[in-house]
Amino acid sequence: MSTLVIVESPTKARTIRNYLPSSYQIEASMGHVRDLPSSADEIPTAYKDKRWAKDFGVNVENDFEPIYVVPKTKKKVVQKLKDALKEADELILATDEDREGESISWHLLQLLKPKVPVKRMVFHEITREAIQKALQDCRAVDEDLVHAQETRRILDRLVGYTLSPLLWKKIARGLSAGRVQSVAVRLLVERERERRAFQSGDYWDLKALLEQDKSPFEAKLITLDGKKLATGSDFDPDTGKIAEGRDVVLLNETQANALKERLIDQTWTVSNREERATKRRPYPPFTTSTLQQEANRKLGISARDTMRVAQKLYEQGYITYMRTDSVHLSTEAIAAARSCVEQMYGQEYLSPKPKQYSTKSKSAQEAHEAIRPAGNTFRTPKETGLADREFKLYDLIWKRTVACQMADARLTQITVNVDVENAVFRSSGQRIDFPGFFRAYVEGSDDPEAALENREVLLPPLKVGDTPDCKELEAIGHETQPPARYTEASLVKTLEKEGIGRPSTYATVIGTIIDRGYAQMRSKALVPSFTAFAVTSLLEEHFPDLVNTGFTSQMEQTLDEIARGSAHWIPYLKEFFKGEKGLETQVKVREEQIDTIAAKTIRLDNVDAKIRIGRYGPFIEVDNDNEEEESLKVAIPVNLTPADLDPEQIQSLVKQKLEGPDKVGLHPETGEPIYLKKGPYGDYVQLGDKTDDNPKPKQKSLPKGVKPEDVTLEIAVGLLSLPRLLGLHPGTEGKIKADLGRFGPYVVHEFKEEGEKKLQRDYRSLKAEDDVLTVSFDRALELLAQPKRTRGKSSKKPLRELGSHPEDNEPVNIYKGPYGDYIKHGKVNVGIPEGETVEGITLEAAVALLAEKAATKKTTKKATKTAKKKTTKKKTTTKKTTTKKASTG
DNA sequence: CAGTGAGCGAGCTTCCGCTTGACTT
């Protein structure tokens, strides 16, 4: 008697193995095992000639019947499951209890066609009791829920595969649109429009430094003649003036200074004092979304990296599952958190009752627990022995989980009014009466001003009638600020709030919009591109419903009805796609309506010139007054986004195009002219004109830190004389040169190794203090003598030294790598096999593993070669996209 | 890499979710 149990994740398989009898075999499906064909080569031959198959992989002519295929990457998994099933006389489908999980089970049934009894089992916690109970409560696959998933899948396919081709035709090839990404892009564009339209306003106020009984405190002017003083929120962002209907006093610099002079020597009297007790409740434990936000804000880690690190922690058994939308904690988890609080902070810091949090988001499917330290007792961050990011992330998760079972923080807010003449100043303080969960956790904030709130601000014990001394009075000017750009954190937060996207996709959505050229990351901000503006405008104008934040939640409502059996999926899709206002009809109509030129043209507020999306990127088009002549076209440098483009920028770009490049001077030796030019990759100098005889005049980029206005003839000549020969290496007689490369200035040592014909090159980057034009021979030797900076982190120190290899006496060590711990000997690396530990492995075992690896290396040469290609591609993503653009012409 | 924005018209690009492999250090 044996039972095959299929779960989604291999880690889960490993853990539940401990709670099931040995006659149970546990396998993982690794997520979905079938999907719609992603491209033409995946379409089965039977459907190859069908239009609908090629366009959608869904039969839109016949009740949206989908073609499901096993993707190449999943063939192995499916085979393994089939083999495992042959040995079993019972099948238990234990995929997650949400829409996608139910669907995976259904697909498994379709694929495996089991002849043995089948049960569907669901569990939310991986404990012996929970799994035993789940085994008792098996059910059948819920077909309605499966239909809801299919509807979601098909709808996304229809939206994506109709709108994207429309964009190829109307705007640029390779673009994409989708239910999730297009809304995300639109959010960025809308915010950028607000920022462009924003009119800043100035206002002044006074800050006083007062002193009572030798204790200083600060107070700010709040009213004048009983009228409220204007602050940033009183301004209308569209005009930069005080918003209509606001009865406030606006001070300019002169008025503020005059007021200051008038008030400084007067008598200041405390007129009012108020105290207000408040509470702060701890935050709920982490979901994927809140973890990504906090890791981004507090640790500066991107959503993608957060997930990568969390996955590691999960696989190594440190935390529970990291893709979840639930804040629910198991009773064991609550008990563990409470025991942590008692031990580390004491009974008084414990919340009086165990706290269970409930998920607010309507779209939540709650197939998993909140993200928390794994197990029935939590290891403290120190006990884990983790390091670097893994430690920091675990620490964050541990603190948040423990804090959620702690007592509320109790604060007292104190406000004191101080009158002087016709003005009232206010001083605000905050006293923490009991820190409660603050002891463990203070949430990071998008708004640094708000983060400061958590700090204690103490005031001297003032009472009404006190007359503090005014030590200093300062007039301070302020400028209202435009709304902040989205960061990864705030975008994820908004998407989750609107129910758009799922825990498993937040990080990839951001990746997609960057990959497609819809946005770029500038420090932490997501800045939309010109393409994003063009695409968003088109979609807003012609498909407003689809790019509305409400679209997904409407869809979700219908999916819920389908899941409950109260709605049918085919009529819904029919209406959505084939209906009078359906997508198919709309796309057809709009395709004729949309003018290609107009779609590629971007209108920006307060910019007259037209911006157009060309094949090689965005350019400015200035119409000529003379109708006969062609309009003027000026390329916009890459990395310049709509955010940077103001009328002055355009002016300067147009001017350069019209008047030609600035001439720096004539080359002292050849007499050729030297130009300073603006290229798509920045400013550069060029020697001579481009002619038929000289099709490739010498050009050199300005190094970082050199501004175009600083370029003298001397600098230009110097740059154009690069590479500069510094001398010959004393050891090898090889040439040492200095030059500018793609990654900045460098020195290189060129030499030939004994017997080798090929020239070897040893590169070192110059440091910030070095100048490529003047760097000396000695300095170059010094740099070359330094070891190459190892890429990545502190992977230098071995975790464990095993000893020296019997063959060559070279050390055999164990290191920590991004792909797990591994054994290193010379250039051969081999991962530690499953079941072995860093501590347990012997030198003999390691030597055997290394020999095995060295033997297989020859046979897998082909595989590593293709893989190498992949990584280099990845490394040079930025370059790739730009060269791609340049080479399509 | 470096001044374009179109066209002979093959075949291609593209969606959202669920998972960990491939890679190597």
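Lettering of chains follows the sequences in order, A, B, ..., and the numbering in each one begins at 1.
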Under 3.5 Å, sequence neighbours excluded: what are the donor-acceptor pairs made by side chains of residues 160-171 of chain A?
residue: Tyr161(A); atom: OH; partner: Ser38(A); partner atom: O; Å: 3.1
residue: Thr162(A); atom: OG1; partner: Leu158(A); partner atom: O; Å: 2.7
residue: Thr162(A); atom: OG1; partner: Val159(A); partner atom: O; Å: 3.2
residue: Ser164(A); atom: OG; partner: Gly160(A); partner atom: O; Å: 2.7
residue: Ser164(A); atom: OG; partner: Ala177(A); partner atom: N; Å: 3.1
residue: Trp168(A); atom: NE1; partner: Ser164(A); partner atom: O; Å: 3.4
residue: Trp168(A); atom: NE1; partner: Leu175(A); partner atom: O; Å: 2.8
residue: Lys169(A); atom: NZ; partner: Glu591(A); partner atom: OE2; Å: 3.1
residue: Lys170(A); atom: NZ; partner: Glu591(A); partner atom: O; Å: 2.8
residue: Lys170(A); atom: NZ; partner: Ile594(A); partner atom: O; Å: 3.1

Going by the rule side-chain hydrogen bond (donor to acceptor under 3.5 Å, both in side chains), which residues pair with Ser105(A) if we only count those two or more places apart in sequence or in a different chain? Thr95(A)
Classify the nucleic acid contact of Pro10(A) as base, sugar-phosphate or nothing, counting any heavy atom under 4.0 Å across all strands shown. sugar-phosphate
Test your reading of the model: is there a side-chain donor-acceptor pair from Thr508(A) to the backbone of Thr505(A), 3.5 Å cut-off? yes
Crowded around Lys54(A) NZ? As in, over 12 foreign heavy atoms under 6.0 Å? no
Polar pair under 3.5 Å, donor/acceptor by atom type, side chain Arg502(A), base dC16(B): no
May I have the distance from Leu632(A) (atom CG) to dG3(B) (atom C1'), rounded to whole angstrom? 12 Å
Considering only dT20(B), dA6(B), dT19(B), which nucleotide approaches the side chain of Arg612(A) most closely? dA6(B)
For Gly501(A), which contact category applies under a 4.0 Å heavy-atom criterion: base, sugar-phosphate, or nothing? sugar-phosphate
Contact class for Gln311(A) (heavy atom, under 4.0 Å): base, sugar-phosphate, or nothing? sugar-phosphate
Please list, chain by chain and in numerical order, all residues satisfying ring pair (Phe, Tyr, Trp, His ring centres under 6.0 Å) with Tyr314(A), sequence neighbours excluded. Tyr321(A)
Which of these nucleotides, dC16(B), dT20(B), dA6(B), is closest to any side-chain atom of Thr11(A)? dT20(B)
Select base, sugar-phosphate, or nothing to describe what Val159(A) touches, counting heavy atoms under 4.0 Å on all strands. nothing
Give me, pair by pair, the N or O atoms of the protein and of nucleotides 9-13 of chain B that are less than 3.5 Å apart, along with how far apart they are.
residue: dT13(B); atom: O2; partner: Gly174(A); partner atom: N; Å: 3.0

Quick one: does any side-chain atom of Arg34(A) pair with a main-chain N or O of Val69(A) as donor and acceptor, under 3.5 Å? no
According to the 5.5 Å centroid and 30° plane-angle thresholds, does Tyr161(A) stack upon the nucleobase of dC15(B)? no
For Glu315(A) and dG21(B), what is the distance between atoms CD and C1' respectively, to the nearest whole Å? 10 Å
So, is Thr505(A) close to the dG17(B) phosphate, meaning a side-chain N or O under 4.0 Å from OP1 or OP2? yes
Using the side chain to side chain contact (heavy atoms under 4.5 Å, CB included) criterion, which residues pair with Ser103(A)? Sequence neighbours excluded. His32(A), His107(A), Gln149(A)
With sugar-phosphate meaning primed atoms plus P, OP1 and OP2, does Ala177(A) contact a base, only sugar-phosphate, or nothing at under 4.0 Å between heavy atoms? sugar-phosphate
Tyr616(A) side-chain proximity, nearest of dT19(B), dG17(B), dT4(B): dT4(B)
Which whole-number value in Å describes the distance from Lys312(A) NZ to dT19(B) P? 18 Å
For the base of dA2(B), is there a side-chain donor-acceptor partner from Tyr675(A) under 3.5 Å away? no
For a quick check of understanding: with a heavy-atom distance under 4.0 Å over all strands, which category does Arg179(A) fall into, base, sugar-phosphate or nothing? sugar-phosphate
On DNA chain B, does the nearest nucleotide to Arg323(A) precede the nearest nucleotide to Ser164(A) from the 5' side, or the other way round? Give the residue. Ser164(A)
Atom-to-atom span, CH2 of Trp106(A) to C1' of dG17(B) - whole angstrom: 16 Å
Strictly by modelled atom types, are Ser176(A) and Arg516(A) linked by a side-chain donor-acceptor pair under 3.5 Å? yes
Ignoring backbone atoms, establish whether Ser504(A) has a side-chain N or O less than 4.0 Å from OP1 or OP2 of dG17(B). no
Distance, rounded to the nearest Å, where Lys80(A) contributes NZ and dT19(B) contributes P: 18 Å
Under 4.0 Å, heavy atoms only, any strand: does Gln181(A) hit a base, just the sugar-phosphate, or nothing? sugar-phosphate
Checking all strands, does Ser176(A) fall into the base, sugar-phosphate, or nothing category for heavy-atom contacts under 4.0 angstrom? sugar-phosphate
Of all the choices, dG17(B), dT20(B), dC15(B), which nucleotide is nearest to the side chain of Thr512(A) once you look at every atom? dC15(B)
Who passes side chain to side chain contact (heavy atoms under 4.5 Å, CB included) against Glu27(A), sequence neighbours left out? Leu4(A), Gln25(A), Lys80(A), Leu81(A), Ala84(A)
What nucleotide, of dC18(B), dG7(B), dT20(B), holds the atom closest to the side chain of Glu100(A)? dC18(B)
How is Gly178(A) classified with respect to the nucleic acid when contacts are heavy atoms under 4.0 Å: base, sugar-phosphate, or nothing? sugar-phosphate
Select base, sugar-phosphate, or nothing to describe what Asp96(A) touches, counting heavy atoms under 4.0 Å on all strands. sugar-phosphate
Taking the nucleotide of DNA chain B with the nearest heavy atom to each, does Val33(A) or Val634(A) sit closer to the 5' end? Val634(A)
